[in-house]
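Only heavy atoms go into these numbers, but all of them, side chains included; no hydrogens, no water, no symmetry mates. To find a chain, count down the sequence lines: A is the first, B the second, and so on, and within it residues start at 1.
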Number of protein chains: 2
Amino acid sequence: MIDKKEKILQAALQLFSEDGFAKTSTSRIAKEAHVSEGLIFRHFKNKEGLLQSLTKRGEEKTKALFRPILFETDPQKVIKKTIDLVIKIREVEEIFQVWKLEYKTKWEAEEYGAHKMEPLVFALTEAFQKMGFKEAKQEAHYLLVQVDGLVTRFYLQKDFDLDASTHFIKEKYKWSYT
Amino acid sequence: MIDKKEKILQAALQLFSEDGFAKTSTSRIAKEAHVSEGLIFRHFKNKEGLLQSLTKRGEEKTKALFRPILFETDPQKVIKKTIDLVIKIREVEEIFQVWKLEYKTKWEAEEYGAHKMEPLVFALTEAFQKMGFKEAKQEAHYLLVQVDGLVTRFYLQKDFDLDASTHFIKEKYKWSYT
DNA sequence: GCGCATAGTGAGTAATCACTTACAAAGGTA
DNA sequence: TACCTTTGTAAGTGATTACTCACTATGCGC
């Protein structure tokens, strides 16, 4: 049998990211994980603690997702890979759930947690500088605002054409460079 | 004494937009509105019905907000006014709450309600056509994705510099035109 | 084997949830 | 005045909530 703590985390990630933190009950999580409800509180102290465990885990998944961008030297590829982040969110089930939870939690708790994006801001700023943009940092923030818009639409608008949109944005950045 | 139905709606708008639908209880709304809890169910049938009343009202507020854009003939001003929407959201308390509720509800229910933006898509498409853009409709959608990003950041990131960002975006569209 | 920590359970807890019901007050019309 | 509809309330309803507690099962060093 797999570690029961792990099963709780998986069930909670699925349910929180699907229905949100507030309307997911601990009894529901226990049922989904095939575990007694008390075990949740043994391992995570309370419901909030369970969420925090998931958030911490998610942060590491996100760091791993950013790493190939941070080590990229070609500035144009830094930008391309940043835009392609949203495609990865769609294609990797694990990342899909983590980011959905991330954004849902943001809106439930009204905290953006900007520090998580800081390394990406840095990498993008550098990239735009190399490409000769005057307001490189502004450009970096602007691109991430667009990513936020894409993510929002991707999760919430069923018929949103993510491929077309990301391609469109990448084209924009292409001709402003060459 | 003001209409008690109206007081319920105001209290609910405030609490739903602040804490979200799921974690706002009907008893809390009644207390805030200085009204017996039963009255909520007399007027709105159930909690969901109360939310729907607010949504319907909000939709009209939003239409009124869009109107000056739809009647604008100068294409460049259509774009400028669309970007400035986000500034209006910040500055008009009423709109501030309505849109916050709108986005919170979107993320709780996972439904984008794209139809509400349809008239704006149309106006923007026309504007980009007049300005000689080839993929005018794509451009329209792209601008609205950016608006979604701005709104997300404005509500969730406390230290987000909305003025700088909107100004930056407007500049982009200025030089791509002249 | 023994002792002990950790993992796990199931039946509880009080509080709160959305919602109902029985009834009273208020307002308009005849 | 008498009648009826609408508005409003207070006290409930059973179900569900997050969480606790007393207890058992399991593994591990000795």
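- Scanning DNA chain D 5' to 3' for nucleotides with an atom closer than 4.0 angstrom to a non-hydrogen atom of chain B gives a first and last hit of D/dT7 to D/dT9.
- Taking the ring axis of A/Phe128 as reference, the NZ or CZ atom of A/Lys137 does not stay both within 45° of it and closer than 6.0 Å to the ring centre.
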With sugar-phosphate taken as primed atoms, P, OP1 and OP2 and all else as base, the protein-contact string of nucleotides 10-21 of chain C at under 4.0 Å (heavy atoms; B, S, -) is -------SBBB-
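- Applying the ring-ring contact (aromatic ring centres under 6.0 Å, His included) rule to A/Phe66 yields no partners; only residues at least two apart in sequence or on another chain are considered.
- Within the 6.0 Å centre-distance limit, the rings of A/Phe96 and A/Tyr155 are counted as a close aromatic pair.
- Scored by the side chain to side chain contact (heavy atoms under 4.5 Å, CB included) test, A/Ala109 finds no partners at all (sequence neighbours excluded).
- For residues 26-51 of chain A, the set of pairs meeting the ring-ring contact (aromatic ring centres under 6.0 Å, His included) definition, not counting sequence neighbours, is empty.
- In this structure A/Tyr112 satisfies the ring-ring contact (aromatic ring centres under 6.0 Å, His included) test with no other residue, sequence neighbours excluded.
- A centroid separation of 6.0 Å or more is found between the aromatic rings of A/Phe160 and A/Phe154.
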